Amino acid sequence: MNPELGIREDVERVLIDEKVIEKRLDVMAEQIANDFPPGPILAVVLLKGALVFAADLLRRIPRPLEIECLNVASYHGGTESSGQVKFLDQHLPDVRGRHVLLLDDILDTGRTLRAVSDRLKEMGCAVVHTGVLLAKDKVRSAEVEADYVGFQIGDEFVVGYGLDFMGRYRNLPFVGVLKS
Ligand code: IMP
Ligand code: MG
């Protein structure tokens, strides 16, 4: 029995398969490793969506690196952005003077990346570079683009490789579209 069958059955089509993601992450990791100035990198990972992407990307960066995670919520379980970004952590990491690589799963309206990078800058980061696995091809509500983008995709709702629908499908090893 295939133990993944349960969630794969809900997938209408695979948009980006595992092998393609792996190859792209090799390239992104090399760019990041070359771009950041000497000294330790501080990766700030937005939970939970960027968990899988960050785990695979950061292991490919052969440089001194620390990892912090931030819990933010912009969706409330559905497929529409709520328009508000909430910081859910009681304590935020000390980022003063650090070279930060801020990672999220997907750039959609742009509000999350905008709000978090603004907050990190207020908190005294030296530099904030942003990386996303996916960027939707659309007009953004917030003025922001990511420095590192894995893949540009159309404006449709996707799941897998960290991205969820109602908390599920994050563990699919590929990015796909659900049956409606
Ligand atoms: P933004 O603030 O609208 O750019 O949205 C970013 C957040 O919305 C991401 O961190 C995701 O958690 C979520 N999101 C946006 N689009 C999708 C999608 O297609 N699938 C799953 N989550 C999404
Ligand atoms: Mg999410």
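The residues of the chain are indexed from 1 along the displayed sequence. These figures come from a predicted structure and were not determined experimentally. As a basis for the values below, the full set of heavy atoms in this structure was taken, side chains included, without hydrogen atoms, waters or symmetry mates.
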Donor-acceptor contact present, side-chain Arg140 to main-chain Lys136, <3.5 Å: yes

Using side-chain contact (heavy atoms from CB on, under 4.5 Å), reason through Leu172 and Arg8 one step at a time and then give a plain yes or no. CA-CA 8 Å; Leu172 282 171; Arg8 282 185 196 231; 4.0 Å; yes

Hey, are the side chains of Leu101 and Leu58 touching, using non-hydrogen atoms and a 4.5 Å cut-off? yes

Considering all heavy atoms of both residues, which atom of Ala146 and which atom of Leu113 are nearest to each other, and what is their separation? CB-CD2, 4.2 Å

Is it the case that over 12 heavy atoms from other parts of the model lie below 6.0 angstrom from the CD atom of Glu143? no

Is there a donor-acceptor contact under 3.5 Å from the side chain of Thr130 to the main chain of Asp147? yes

Please report the interatomic distance OH(Tyr161) to CG(Asp56), rounded to the nearest 0.5 Å. 3.0 Å

Does Asp104 use its side chain to pair, donor to acceptor, with the backbone of Val132 at less than 3.5 Å? no

So, the side chain of Arg63 versus the backbone of Gly39: is there a donor-acceptor pair under 3.5 Å, distance only? yes

Over 12 non-hydrogen atoms of neighbours within 6.0 angstrom of NZ in Lys179: yes

Interatomic distance, Leu102 atom CG to Arg119 atom CZ [nearest 0.5 angstrom]: 13.0 Å

Any Phe165 side-chain heavy atom under 4.5 Å of Asp10 side chain: no

Do you reckon Ile32 sits in the same ILVMFWY cluster as Val127, going by side-chain contacts under 4.5 Å, direct or chained? no

Using side-chain heavy atoms (C-beta onward) and a distance below 4.5 Å, is Leu163 in contact with Phe53? no

Mind listing the closest non-hydrogen atom pair of Cys125 and Val128 along with its distance? CB-CG2, 3.9 Å

Does Phe36 have any ring-ring contact (aromatic ring centres under 6.0 Å, His included) partners at least two apart in sequence or in another chain, and if so, which? His129

For Glu30, is there any backbone N or O sitting under 3.5 Å from a side-chain donor or acceptor partner on Arg60? no

Carboxylate-amine/guanidinium proximity below 4.0 Å for Glu156 and Arg13: yes

Would a single hydrophobic cluster contain both Ile7 and Met166, if residues Ile, Leu, Val, Met, Phe, Trp and Tyr are joined by side-chain heavy-atom contacts under 4.5 Å? yes

Test side-chain contact (heavy atoms from CB on, under 4.5 Å) on Glu66 and Leu42 and set out the steps. CA-CA 5 Å; Glu66 291 154 42; Leu42 177 62; 3.8 Å; yes

Between Pro93 and Leu70, is any pair of side-chain heavy atoms under 4.5 Å apart? yes

Could you tell me whether the side chain of Arg24 and the main chain of Val149 form a donor-acceptor pair under 3.5 Å? yes

Heavy-atom pair of closest approach, residues Asp17 and Phe174: CA-CB, 4.0 Å

Would Asp108 and Lys138 satisfy salt bridge (charged side-chain N to carboxylate O under 4.0 Å, His left out), going step by step from the backbone distance to the final call? CA-CA 8 Å; Asp108 182 20; Lys138 68 193 277 186; 2.6 Å; yes

Looking at every non-hydrogen atom in both residues, tell me the closest pair between Asp105 and Ala50 and how far apart they are. N-CB, 3.7 Å

Please answer whether the main-chain N or O of Arg96 pairs with a side-chain N or O of Asp94 as donor and acceptor at a distance below 3.5 Å. yes

Determine, step by step, whether Ile16 and Leu133 satisfy the side-chain contact (heavy atoms from CB on, under 4.5 Å) criterion, reporting the C-alpha distance in whole Å, the side-chain angles of both residues, the deciding distance to 0.1 Å, and the verdict. CA-CA 11 Å; Ile16 310 166; Leu133 176 71; over 6 Å; no

Do Phe87 and Met123 belong to the same hydrophobic cluster, where Ile, Leu, Val, Met, Phe, Trp and Tyr are linked whenever their side-chain heavy atoms lie under 4.5 Å apart, directly or via other members? yes

Here the gap from Asp35 atom CG to His99 atom NE2, rounded to the nearest 0.5 Å, amounts to 12.0 Å

Atom pair CZ/CZ of Arg111 and Arg114 - distance to nearest 0.5 Å: 13.0 Å

Tell me the closest heavy-atom pair linking Gly97 and Ala126, and the distance in Å. O-CB, 3.5 Å

Gap separating the CG atom of Asp137 from the CD1 atom of Ile153, nearest 0.5 angstrom: 9.5 Å

Does the side-chain contact (heavy atoms from CB on, under 4.5 Å) test come out yes or no for Asp164 and Tyr169, once each step is laid out? CA-CA 5 Å; Asp164 73 306; Tyr169 306 105; 5.8 Å; no

In short, Ala33 meets Ile61 closest at the heavy-atom pair CB-CG2, 4.2 Å

Leu57 and Tyr148, any side-chain heavy atoms less than 4.5 Å apart: no

